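Keep in mind that this is a model prediction, so the values were computed, not measured. Counting convention: from 1, in listed order, for ligands and their atoms alike.
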Amino acid sequence: MNLSLFQKPSRYINNEVNSLRKEGEVRVALAFPDIYDVGMSHLGLKILYKIINDLPYASAERVFHPWLDLEKEMKHKGILLSSLETQRPLKDFDILGFSLQYELSYTTVLNMLHLAGIPIRSEHRAEKKWPLIIAGGPCTVNPMPMSPFIDAFLIGDAEEAIVEILDTYRLWKKEGDAKKEAVLKALSQIEGMYVPSLHTEHVKRRYIESLDNFPYPESPVVPYTQIVHDRVNIEVSRGCTMGCRFCQAGMIYRPLRERNPENALRIAEKSLKNTGHEEVAFTSLSAGDYSCLLPLLKAFNCRFLDRKISLSLPSLRVAAVSQDVLKEIKTVRKTGFTIAPEAATGRLRNVINKDFTEEDYERSLKMLFEEGWQKLKLYFMVGLPTETQEDIEAIPDMALKALKIAKKHTNRYVTINITLSPFVPKPHTPFQWYGQENIGRIKGKLNFLKNMLHRKKLTAKAHNEEMSLLEAVFARGDERLSNLIEEAWSSGCILDPWTESFDFNKWASAMEKTGIDASAYAEKAYAKDELLPWDIIDTGIKKEYLYKEYQKAISAEITTDCKKTCHACGLECKDSGESVIRSIGESATDSPIYPFTHSPVKIRVEFSKTGKLKYLSHLELVTAITRAMRRIDIPLVYSAGFHPSPRISFGPALGVGISGIKEYFDMEIKQPFDINYLLSEVNSVLPEGLKLRDCALISAKEPSLSSFISRYEYEIICPDSSAAEQFSGKEETDIREMIEDIKVMDKKTVRLILVDRESKKIRLGELLPEIFNVLYGELDITRLAMYGWKEKWTAPLERDMAWLVKS
Ligand code: SF4
């Protein structure tokens, strides 16, 4: 398939650095019900990919939903959805493991099954020939709406349970038992597993005791395309002690488990070595509360400063922002900064248990702007329990205050982006009994706020309220909703989290057809003793505790951080009430000494881009080569300033889908460095399709490749070369002056020599369809060589060129 015809083809080319091809006795496809860019950013998928592929008898591959253009083509041509690694159709795997991160991905799960030729309902997959469909992730704490489609759910942490699941499956497969029921019965005995067909009445959430006892993906797959979180992510803690009442993650990932900071640093070292990434994020539900944050950040910078590795943290609690932390974050590059006040009045913050004062807010912003940040994101929720007009009107005031503080403490223009999200009451939180505010009223509030913020010259965007309605419906709903999911999917709803594909009208007609009143589900307020659809799932947190918290919320009463005082939520933490003090040993802060004292040298490199890697865009190509250099510690020279980047400059860009045989880049390297090793070293870590062919030292004063190169040699494979032959006989045209030569090699192959003219640069997309009389996408294009004028046409790396410095 010609992938150039689709958006971002590098999503589909596979063969990324660190991807594995293994044939296990038990074959698992890790399926993410969203596109590559989102799925590849998900840590859980990377953890499972490692754990499964580490097992001697099992193998894991990845599969994502294609973007809309490719999905249409697959349906049109009847192409089955397959894994990335081996291109095996999903129906030929033993297990498909879906990650349910977001309620709006439910229709995409159905579509992936359908694209794979697998029946969507479990009852139609009773035969052994169908793969077992398992789902995990946060949405499984209410598995009911998806229960007719999924054979078994894993509730909670997967690190331990996945091995038990695969052991159980392997045994069943070996025994040759033809009945799927047998394996489902065996799986239901594993703690954390819910098998809908067995109508289990009580399922305990699974959680691991310590993050340090389990393997971490230190060689994650390095994507070619830019993904949502394109960096090394290190989970420094799981769980949270702050007890925000709206936050499902804060409840269902309890208790708090912190990673040993020395382990976090070791993971950072290995992951950077294995990936060549330029940024590390220390992730956590509340990174500012990680007990060893500052020593970890200091040790990290001490170790990686020379390599220009920047670090980032997810959004910080207002009260957790500190000057020392800010100084460490900005050491290499200032990554974006996000603060989530969620509510703008002290009263409403007490309701949701977000414990910070106006003074905390002002102090944090002052520090942030004083440290030089010029971009800030603020998150607020709308439709929170007990919310009044006063609470709503306070949001623009709070945002404006940020602008005023910025003005006072910086002399620059500061961008403040405000994100507004409708509140969605989630199961297993103190607000699970509360019904979502009517979506019409939410819409009114969002419009009011957007207007107010716009008038105050602030940028605001609001989450789609209809998406939030559906999120509440499926988060709080029961098994009957499966009919709505199926109806919406069959009327074309897929990739619902994307505005490009979300169509509420289709959902509305699905509601009408199924007779399901979505608003009634979302807005339903439950009574204290009423049975909740998700009651069979026991997260370990007592319902009485959640209800007590709900009552405290109504009376705007705060519950303190349970790191200081245990509030007996039901989990009986071993460390309850004690804060964990960890430290980093001396060795962790040792900084490597680099003996680079001489002035840098400039090297010109010739390389090729062929095979599937022809689908890389120019930016993706630059990233792939730069990351390869980092993986083998090439001592790159960086630009100065706020965003240091390697001093590498490429020749004229190659378009997506075009191969290149003699391409070039110049780079600066610190001395001492043995140039003789450059090609073999870099080639040993480059993916198949990228190859360095030659290199030489050049003078620092040499003109850049982009100003030097102006003549190009192409080979084009086309449906019929006679069109080019006829074109070569045509009279002078506008584009004719750019064509130096057209040589027809055979019936399908043509060689072209093109030259930039002073007034006009070559644009292949315009030029080639005129010559070949076909659509650009139908041509297979290779750039064979490039030249610049130096008394005669000369290749950028010709050995006899006077300006080449002897190495
Ligand atoms: S048992 Fe106590 S310390 Fe542990 S999570 Fe619950 S409230 Fe917090």
Side-chain angles (χ1 to χ4, degrees), residues 137-138 140-142 155-161 191-192 202-214 235-261 283-293 314 316-320 340 342 349-356 425-433 528 532 534-535 537-582:
T140 62
V141 294
N142 178 13
I155 324 292
D157 295 344
E159 282 93 337
E160 245 169 10
E191 191 176 76
H202 179 248
V203 181
K204 219 165 166 239
R205 174 179 64 108
R206 190 75 183 259
Y207 64 86
I208 55 170
E209 292 274 329
S210 159
L211 298 183
D212 292 310
N213 295 345
F214 292 89
E235 186 189 27
V236 288
S237 66
R238 197 176 293 178
C240 179
T241 57
M242 301 312 297
C244 298
R245 293 175 180 131
F246 59 87
C247 178
Q248 190 187 47
M251 297 291 159
I252 66 169
Y253 288 113
R254 284 182 178 206
L256 175 70
R257 290 142 294 165
E258 293 198 334
R259 192 179 296 282
N260 184 314
T283 67
S284 158
L285 287 176
S286 184
D289 296 305
Y290 177 58
S291 60
C292 198
L293 183 65
L316 289 183
R317 272 194 316 116
V318 170
E342 312 289 6
R349 287 199 293 274
N350 284 359
V351 169
I352 61 173
N353 210 36
K354 266 260 167 186
D355 193 10
F356 73 88
K426 293 273 176 130
H428 304 285
T429 68
F431 292 144
Q432 64 179 349
W433 289 274
K528 184 186 175 192
L532 306 172
W534 50 90
D535 270 349
I537 305 298
D538 173 5
T539 62
I541 304 205
K542 287 185 289 190
K543 219 171 159 184
E544 303 85 73
Y545 166 82
L546 293 178
Y547 197 76
K548 199 168 128 201
E549 280 296 297
Y550 185 34
Q551 295 307 299
K552 282 171 90 176
I554 302 301
S555 48
E557 200 184 320
I558 279 282
T559 296
T560 55
D561 176 0
C562 71
K563 217 188 258 172
K564 295 173 193 146
T565 316
C566 172
H567 300 291
C569 71
L571 281 169
E572 299 174 2
C573 295
K574 277 194 206 134
D575 297 332
S576 64
E578 291 170 26
S579 77
V580 193
I581 309 287
R582 294 180 192 272

Q. When you measure from atom 4 (Fe) of ligand 1 to each heavy atom in Cys573, Gly250, Gly243, which option holds the nearest one?
A. Cys573

Q. So does Asp157 pair up with Arg238, basic N to acidic O under 4.0 Å?
A. yes

(Q) Strictly below 4.0 Å, N to O, side chains only: are Arg257 and Glu209 in salt-bridge contact? (A) no

Q. Is atom 2 (Fe) of ligand 1 under 2.8 Å from any N, O or S atom of Cys566?
A. yes

(Q) Suppose we screen for side chain to side chain contact (heavy atoms under 4.5 Å, CB included). Which residues come up paired with Glu544, at least two apart in sequence or across chains? (A) Lys542

Q.
Suppose we screen for side chain to side chain contact (heavy atoms under 4.5 Å, CB included). Which residues come up paired with Asn353, at least two apart in sequence or across chains?
A. Arg245, Ile558, Thr559

Q | Numbered atoms and elements of ligand 1 in range of Cys569, under 4.0 angstrom, heavy atoms | A | 1 (S), 5 (S), 6 (Fe), 7 (S)

**Q.** Atoms of ligand 1 close to His567 [distance to a heavy atom under 4.0 angstrom, numbered from 1]
**A.** 2 (Fe), 7 (S)

**Q.** Under-4.0 Å heavy-atom contact with ligand 1, by part of Glu572 that carries it
**A.** backbone

Q) Can any side-chain N or O of Gln432 pair as donor or acceptor with the backbone N or O of His428 at less than 3.5 Å? A) yes

